[in-house]
Amino acid sequence: MKATTLDYHRLRLGYDRYVRYLLFVCAFLMTFIILSIIIFVGKQGLSTFADVSPVEFFCNTKWDPGDGQYGALSFIVGSLLATMLAVVIGAPLGLTGAVFMAKIAPPWLREVMRPATDLYVAIPSVVYGFIGLTIMVPFIRTYFHVGTGFGLLATSIILAVMILPTIISISEDAIRAVPRPLEEASLALGATRWQTIRRVLLPAAMPGILTSIVLAMARAVGETMAVQMVIGNTPLLAKSLFTPTSTLTSEIVIEMGNTPFGSAWGNSLFLMALVLLSLSLIMIVAIRRLGRGRVV
Amino acid sequence: MMSARICDKIATGAAWLAAAAILGILASFLIYMLYKGLPVLSWQFITGMPSDMRAGGGVGPELFNSFYILVLSMVISFPVALGAGIYLAEYAGRDRLTDLIRLSTEMLATVPSIVLGLFGMIIFINYLGFGIGILSGALTLSLLNIPVLVRVTEESLRTVPAYYREASLALGATKWQTIWRVVLPNALPGLITGITLTAGRAMGETAILIFTAGTTVSRQLGDFDVFAAGETLAVHLWYVMGIGLVPDRADIANGIGALLIITILVFNLAFTIPGRILQKKMTGSRN
């Protein structure tokens with residue numbers, strides 16, 4: 001009788017070890033997938049350099065694959081400018097919202113704003129793009145008296161809205177995570193709530209806030225559909241905020257369908273994807289440096 | 001002293017304004033899309049076949065494909081993500097290998113979806129020869145879901161108090177029995193909320209599916225063949241606005257927009273709010 005119980009227990013323990021290996025395999029699959037992405041996209045992208053010189057790709061703005069010209073500089077510049085502008089527009093609003101939710105909002109309002117930020121994330125990017133196309137672009141055309149209304153301004157406004165939830169939720173967590181005694185000490189010294197927020201809470205939460213901004217940039221630089229619908233899709237360097245231009249993502253999504261796999265043209269699109277991938281990996285490393293890596 | 005008070009008042013006012021703007025932008029987006037799209041929705045539109053040239057086409061196959069690809073991708077990604085999440089929450093120590101796995105998960109979560117789409121194209125279409133269709137789309141979409149689900153799993157497991165595990169282990173249960181019978185059931189509300197939010201996001205995903213699931217649909221409605229062409233609602237919205245030739249494309253786009261908004265509202269409000277309340281009741285936590 002005793003022996004069978006022991007046997008049963010041994011069996012369970014053996015089973016336990018087996019499950020543990022299985023779970024480890026699942027977890028290690030993450031590393032396997034990201035490495036395969038880097039290797040396969042990298043290999044396909046780097047084979048561009050068999051036909052195109054790196055100098056031409058990175059330093060030239062002439063993009064005309066039909067004519068053998070593969071200068072992707074204007075797309076890289078477009079992506080970076082759109083991202084920067086989006087952060088400049090979106091971060092102040094998002095950060096103020098985060099402060100509000102963490103310290104000022106009455107509990108019931110916070111209970112409304114939490115699901116609201118989830119909804120922001122859930123709205124499909126084509127819907128953002130469609131709203132940009134049907135409201136933002138005509139609005140800019142009418143009120144700024146410009147030719148089309150497509151361009152960096154429309155793009156960065158839509159992107160600014162799309163990155164709000166990332167900035168809000170991560171910054172709010174960071175502000176709430178500041179130890180209570182710090183805040184109480186400041187208030188006890190006679191500081192007002194705003195002085196406490198500005199001089200104590202925000203500096204203490206800074207790593208988390210910066211993390212949220214870098215993640216927002218990662219989201220903005222990789223955003224494809226919404227950008228493609230409002231940027232104008234013209235392979236030219238942006239001369240102003242109102243001229244149609246292109247980004248890495250919009251160019252890939254427009255041209256991938258008509259390029260033969262493995263041609264210099266197709267490979268150069270994979271090279272653009274590799275540039276995007278490198279940018280987002282660099283951002284993750286930057287977040288690690290900031291101390292608290294958290295990904296939404 | 002007075003000026004500090006006034007500053008405080010102004011800052012508080014600005015914060016309320018920001019909150020109003022945040023809620024206002026969201027509300028106006030949702031209301032605008034529903035206002036434009038709801039009148040388009042009809043049984044004919046929701047179940048009808050799309051038309052390439054003439055007005056009056058429906059989105060039946062796209063609606064079916066959206067849910068079919070979503071379900072398939074969740075079925076593929078959830079077991080793996082659950083396993084990885086359990087490993088990270090319950091087994092992983094603080095060593096270099098765990099660090100590598102965590103870094104990989106974070107990296108995977110930030111890879112732009114268009115890059116995942118191109119990767120899926122290389123692997124599933126060019127190397128494995130699955131062709132552009134539902135299976136390739138679902139597999140690629142899984143890559144997007146997995147890191148989010150891993151994080152959701154890990155976080156929900158961490159909300160289960162340590163003394164639950166200790167009590168179970170003290171009764172002689174093995175580690176896996178403890179996880180399976182005690183930890184997972186208690187983490188369930190958080191898991192369900194997380195899964196629904198992820199599913200809602202995956203539902204509207206476009207960039208990843210254009211080159212893997214394609215921009216065409218099967219000729220018959222409700223085609224369960226995993227190799228059939230798999231255009232989804234979101235892809236169709238992009239396609240008719242960008243490339244489509246139908247004269248009523250703005251109507252179709254509005255209708256799809258409203259359908260997508262309704263779906264995410266259902267996913268986000270109808271499914272997750274009960275989960276949140278359940279979680280509050282079970283754990284007694286105040287956040």
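Since the structure is predicted, the reported quantities are computational estimates derived from the model, not experimental observations. The sequence lines fix the lettering, A, B, ..., with proteins before strands; numbering per chain opens at 1.
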Looking at every heavy atom in both A:Leu23 and B:Tyr87, which two are closest together, and how far apart are they? O-CB, 3.7 Å

Whatever's closer than 4.5 Å to a heavy atom in chain A on B:Leu118 counts as both

Is it the case that the side chain of B:Asp8 and the backbone of A:Trp194 share a donor-acceptor pair, with hydrogens and angles ignored and the cut-off at 3.5 Å? yes

Residue B:Leu116 versus chain A: region with a heavy atom under 4.5 Å: side chain

What part of B:Val150 lies closer than 4.5 angstrom to a heavy atom of chain A: side chain, backbone, both or neither? side chain

Do you know the tightest heavy-atom contact between A:Ala27 and B:Ala84? CA-CB, 3.6 Å

Side chain from CB out, backbone as N, CA, C, O: work out which of these in B:Leu17 comes under 4.5 Å of a heavy atom of chain A, or both, or neither. neither

What distance separates A:Leu109 CG from B:Leu23 CG, expressed to the nearest 0.5 Å? 6.5 Å

Contacting moiety of B:Phe29, where chain A heavy atoms sit under 4.5 Å: both

Checking the side chain of A:Asp16 only, and the main-chain atoms of B:Trp176 only, is there a donor and an acceptor separated by less than 3.5 Å? yes

With a 4.5 angstrom heavy-atom cut-off, is it the side chain or the backbone of B:Gln177 that approaches chain A, or both, or neither? both

Is it the backbone or the side chain of B:Leu260 that comes under 4.5 Å from a heavy atom of chain A, or both, or neither? side chain

Which donor-acceptor pairs under 3.5 Å do side chains of residues 90-108 of chain A form with protein atoms, sequence neighbours excluded?
| residue | atom | partner | partner atom | Å |
| --- | --- | --- | --- | --- |
| A:Thr96 | OG1 | A:Pro92 | O | 2.5 |
| A:Lys103 | NZ | A:Glu183 | OE1 | 3.0 |

Are B:Tyr127 and A:Phe40, when compared by the centres of their aromatic rings, separated by less than 6.0 Å? yes

For the interface with chain A, which of B:Leu265, B:Val235, B:Thr12, B:Asn126 has the highest count of heavy-atom pairs at distances below 4.5 Å? B:Asn126

Output all residues satisfying salt bridge (charged side-chain N to carboxylate O under 4.0 Å, His left out) with A:Glu172, sequence neighbours left out; order by chain, then residue number. A:Arg114, A:Arg176

Contact class of B:Met121 relative to chain A, heavy atoms under 4.5 angstrom: side chain

